[in-house]
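So the structure is just underneath, and the comments pick up after that.
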Amino acid sequence: QLPVVSVLRDAESQLLPGVGAVVTCKVCSINSRFAKVHILYVGSTPLKSTFRGTIRKEDIRATEKDKVEVYKSFRPGDIVLAKVISLGDAQSNYLLSTAENELGVVVARSEAGVQMVPISWCEMQCPRTHTKDFRKVARVQPQFLQT
């Protein structure tokens, strides 16, 4: 009778965002050329550890790319749906795009700390103070809504 040695692995292996995957991310910082984000979900699967991503100015909208201003599209703290367009560069940042109607900001908070309501594809409004802020608003498809 020989002793048995076995190796147990974690049942769930780490999911990696692939090109074409729709990811949910949180905006960390913005400047005039891009927004830096942390990727939290791939599809509807939460990640064990976050990945860094970048949404470049030219990848925010499909039309009028030259007129896009990053601060009118995203703010730090926003939750954004984006699509992975490349696995990035030496800094291991994923390149993301929101250049589809279904992609963009899904959750934003106003300065009053209240969750904002989308009123058009480019504006959200605070229900408490009624102030309007520019955002690249996602037209969320019903299959992506979770209760």
Side-chain angles (χ1 to χ4, degrees), residues 8-147:
L8 297 176
R9 285 184 32 168
D10 189 2
E12 298 176 45
S13 60
Q14 175 67 29
L15 183 66
L16 294 173
V19 174
V22 174
V23 296
T24 305
C25 42
K26 184 174 186 173
V27 178
C28 301
S29 64
I30 60 171
N31 66 29
S32 61
R33 293 175 296 126
F34 52 79
K36 291 273 188 198
V37 299
H38 283 149
I39 300 171
L40 308 172
Y41 286 79
V42 174
S44 59
T45 308
L47 296 173
K48 291 180 184 169
S49 58
T50 60
F51 292 96
R52 291 183 311 196
T54 302
I55 304 172
R56 297 177 306 189
K57 178 180 174 178
E58 57 269 22
D59 296 325
I60 292 175
R61 266 198 336 230
T63 58
E64 298 181 326
K65 293 181 181 190
D66 52 330
K67 294 181 182 171
V68 172
E69 294 180 66
V70 178
Y71 76 93
K72 285 188 175 181
S73 303
F74 308 114
R75 301 279 166 87
D78 287 356
I79 303 297
V80 174
L81 275 179
K83 188 173 273 186
V84 178
I85 54 174
S86 99
L87 302 182
D89 50 20
Q91 291 132 1
S92 72
N93 279 359
Y94 285 86
L95 278 179
L96 307 175
S97 169
T98 57
E100 293 175 30
N101 292 338
E102 294 76 28
L103 305 174
V105 177
V106 287
V107 178
R109 296 213 170 272
S110 67
E111 290 184 15
V114 180
Q115 186 169 322
M116 299 178 83
V117 179
I119 55 174
S120 76
W121 67 272
C122 64
E123 276 189 310
M124 290 183 125
Q125 185 173 31
C126 173
R128 184 181 294 162
T129 63
H130 300 293
T131 55
K132 296 176 184 176
D133 273 343
F134 289 106
R135 294 289 201 284
K136 196 300 184 180
V137 180
R139 188 173 65 205
V140 180
Q141 299 298 305
Q143 69 264 29
F144 294 125
L145 292 174
Q146 294 179 351
T147 52

Show me, pair by pair, the donor-acceptor contacts under 3.5 angstrom made by side chains of residues 110-118, not counting sequence neighbours?
from, atom 1, to, atom 2, distance (Å)
Ser110, OG, Ala112, N, 3.2
Ser110, OG, Val114, N, 3.4
Ser110, OG, Val114, O, 3.4

Mind listing the side-chain donor-acceptor pairs of residues 67-76 below 3.5 Å, one per line with the distance, residues two or more places apart or on another chain?
from, atom 1, to, atom 2, distance (Å)
Glu69, OE1, Tyr71, OH, 3.1
Ser73, OG, Glu69, O, 3.2
Arg75, NE, Tyr71, O, 3.0
Arg75, NH2, Tyr71, O, 3.4

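Side chain of Thr54 to main chain of Arg56: no donor-acceptor pair is present (N/O by atom type, distance under 3.5 Å, no hydrogens or angles). Side chain of Thr50 to backbone of Leu40: no donor-acceptor contact under 3.5 angstrom is found.
Distance check, rounded to the nearest 0.5 Å: NZ of Lys36 to OG of Ser29 gives 7.0 Å. Here the CG-CD1 distance, from Asp133 to Ile119, works out to 9.5 Å after rounding to the nearest 0.5 Å. Distance check: Ile85 CD1 to Asp59 CG gives 3.5 Å after rounding to the nearest 0.5 Å. Between the CD atom of Gln125 and the NE2 atom of His130 there is a distance of 6.5 Å, given to the nearest 0.5 Å.
Scanning both residues, Ile30 and Ala35, for their nearest heavy atoms gives CG2-CB, 3.8 Å. A pairwise comparison of heavy atoms in Cys25 and Ile39 identifies CB-CA, 3.8 Å as the closest pair. The minimum heavy-atom distance between Ser97 and Leu103, with the atom names listed, is O-CD1, 3.6 Å. Contact detail for Leu87 and Pro17: the closest heavy-atom pair is CD2-O, 3.8 Å. Of all heavy-atom pairs spanning Phe51 and Leu47, the tightest one is CD1-CD1, 3.5 Å. Taking every heavy atom of both residues into account, Thr24 and Gly43 meet most closely at OG1-O, 4.2 Å.
Put simply, the side chain of Val22 does not reach to within 4.5 Å of the side chain of Glu100, judged on heavy atoms. Here the side chains of Arg52 and His38 are in contact, with some heavy-atom distance below 4.5 Å. A 4.5 Å side-chain heavy-atom check between Leu81 and Glu102 finds every atom pair outside the cut-off. Taking the side chain as every heavy atom from C-beta outward, Val37 and Leu96 approach each other to under 4.5 Å.
Lys136 is linked by a salt bridge (Lys or Arg N to Asp or Glu O under 4.0 Å) to nothing, counting only residues two or more places apart in sequence or in another chain.
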